[in-house]
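A quick note: this is a predicted structure, and the numbers were derived from the prediction, not measured. Numbers here are sequence positions counted from 1.
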Amino acid sequence: MLHHYYKIILFILLISFNKIGAQTLKGIVVDEDKLPLEFVSVALLQPKDSLLVKYTSTDVNGKFEITDIKKERYLLQIYLMTYQAQQTTITIETNNIKLDTIVLNREVNSLDEVVISAFVPIKIKQDTVAFNTKAFKVRQDDNVGELIKKLPGIEVETDGTVIAQGQTVTKILVDGKEFFNNDPTIALQNLSADAIESIEIIEESSDDSRVSGIKDGEKNKVINLVLKPGKKFGYFGKAGAGYGTNDRYATNFDVNSFTKKTQFAVFGNLNNINNTGASIFQRDGTKDRNDSGFLTTGTAGVNYNYEFKPDFNLNVDYYYNYTDNKQESLANRTEFTSNDSFDSQIKNESESVSNNHNASFSLRDRSKKDAYLAFRGNFKSDDRSTDNINSTVYFDDIGKEDTSTDRITRSNDDRKNGWLNASYRKKLDKSGRNFRISSGISYVDFFDTNYQLSLNKYNISNPSAYYESKEIITQEDTNDVIKYNLNVRYTEPIFKNNYINFTSTINNENRDIGLYEIKIINDIEQTPFEYLQNYFGQQYNNQLGYLYSNKKLQINAEASYDVDKQNLTLDEELIVRNVYKNLLPKISVNYEYEKGKRLRFQYY
């Protein structure tokens, strides 16, 4: 018992020493009139190469605080756009350092002066943090993904998902334009880090908020990759190939062409070294990182973006993925009982081949401040075949085959799905009166076939008692779904910061599921099993809401009346007919007590 107390005391002491060793730097930044400055970037850099170590920004009172600093010598840089940057060398020696008030002077442009600008590793605006890529060490052949991993506050998951300041990044832009909008990780894996001048982490308001000007508490994290001036026009790219022992190879290339109005990018890679090279999607749409066995992967993609005028863009992209995964295993097992032991051998061979096609488009018109028109679509095709051979042999006590099980399975899946969506948002006047209308349609078309042969042999070493059983199962599955919806929303201001809104939504779904199965046991065909299921659902939802919104606080209270109609038939016979009526309340509170820090409460 005493031993556990020692462990606890040691753990507390380690935490205490860790806290004691962590230094804090505090200060206040003001302008020439002694007024506090907000959004000033405060950065600690390595003196020898100006690499970024830590950063923060000032709050509304001009205060800043950087914690968990090691006792070292740093270059302290204070910067705000339109002000002269300040740099000084400081040495962190004590636990808590409070600097004298820092005064920033406004920049003065003079034709008779030559101004040498300081290297600025980070710039902070209201909703954007921009990192200068020169502040981070990268190798010449690194992609953007390797660069982003070095940014403070950024994490890249094993499946390629990017987390920025604790929030998932929803899309990645290149010079403000969408780039492979269906899979943002493609930009990270196929753009060269050497082509990027800065990386902007943007906290983007919702589409509704940008048009209406009313904060709704909804924010998305977006990354914008700003190209170097020399990469904004003309062609650039790279190519590579390698060959090694055991016939292992790897090839890759990417070509990019950018002009003032267009962006064109094409990439491809093919390898058999278990390197996916880009995202591989499973049937349910999640990213697959399975690299066991012998994996051959080929990927290719093309992205085109055309800017009709500022904030009016057309984006089209296509992505192809091929995988061939082969696996073999051999296992010898011995099982023990109280009186005896049994040996067995298990062999397994499998091969899975997939061909995936993914095409997307978006047409976005945000050229007018008080309106937003968008058309989007995505279409996928997933063709997969899997073959598996499994053999298990059990041996008797003298090592002869006694029982065996052989199983062959084969599946072929042809799955297609897609969706189209259109939306229009319009602000009607300065008070915040606005409306939104959107509509969409989606479909699913699945056709799967499965074949299984099972052969069991008994008493193999005793011909007089030998017998076997054989079973063949063939199965076909179909799943066809079509959905469509219509949504209309109107918001009316009642007085300052207070709004009421009315939303009406219609959703329809029609789903057909079919199964046909034939089973043959010992060469005798069984009665086929077949069924056809149809589901039809309609949902009508009318919602009345109240919104209070100011700079820091948003309170949203809603009550919706929901009517769900459901019909289910099995083999053309009506099984279920239900109508559900519900009154559903919902309350959400969002409070931004500090820049980038929020408290959020939801009840529904």
Notebook entry, point to check: Are the side chain of Ser212 and the backbone of Asn434 linked by a donor-acceptor contact shorter than 3.5 Å?
Noted result: no
Note to self: Just verifying a value: how many Å separate Leu420 CG and Arg376 CZ, rounded to the nearest 0.5 Å?
What the structure shows: 12.5 Å
Margin query: What verdict does the side-chain hydrogen bond (donor to acceptor under 3.5 Å, both in side chains) test give for Thr262 and Thr259, after you've listed the backbone C-alpha separation in whole Å, the side-chain angles of each residue and the deciding distance to 0.1 Å?
Written below: CA-CA 5 Å; Thr262 64; Thr259 68; 2.6 Å; yes
Checklist line | Point-to-point distance, once rounded to the nearest 0.5 Å, from CD1 of Ile202 to CD1 of Ile223 | finding: 9.5 Å
Check: Within a strict 4.5 Å, meaning less than it, do heavy atoms of the Leu191 and Asp254 side chains meet?
Finding: no
Checklist line | Whether Asn590 side chain and Gln554 backbone form a donor-acceptor pair below 3.5 Å | finding: no
Note to self: Measuring from atom CD of Gln77 to atom CD of Gln86, what distance do you get when rounded to the nearest 0.5 angstrom?
What the structure shows: 10.5 Å
Notebook entry, point to check: Going by heavy atoms in the side chains, are Phe64 and Ile102 under 4.5 Å from each other?
Noted result: yes
Margin query: Given Tyr320, which partner from the list Thr299, Asn355, Asn358 fulfils the side-chain contact (heavy atoms from CB on, under 4.5 Å) test?
Written below: Asn355
Item checked: Reported CG-to-NZ distance for the pair Asn303 and Lys177, which is rounded to 0.5 angstrom -> 11.5 Å
Next item on the list: Please state whether the rings of Phe131 and Phe136 are parallel, tilted or perpendicular, taking 30° and 60° as the class boundaries.
Entry: perpendicular
Next item on the list: With rounding to the nearest 0.5 Å, note down the distance linking CG in Asn325 to OG in Ser352.
Entry: 6.5 Å
Note to self: Please find the pair of heavy atoms, one from Asp216 and one from Ser206, that lie closest to each other, and give the distance.
What the structure shows: OD2-OG, 2.6 Å
Check: Would you call the rings of Phe308 and Tyr306 parallel, tilted or perpendicular if under 30° counts as parallel and over 60° as perpendicular?
Finding: perpendicular
Note to self: Going by ring pair (Phe, Tyr, Trp, His ring centres under 6.0 Å), Phe258 matches just one of Phe233, Phe264, Phe236. Which one?
What the structure shows: Phe236
Checklist line | Interatomic distance, Asn315 atom CG to Asn305 atom CG [nearest 0.5 angstrom] | finding: 4.5 Å
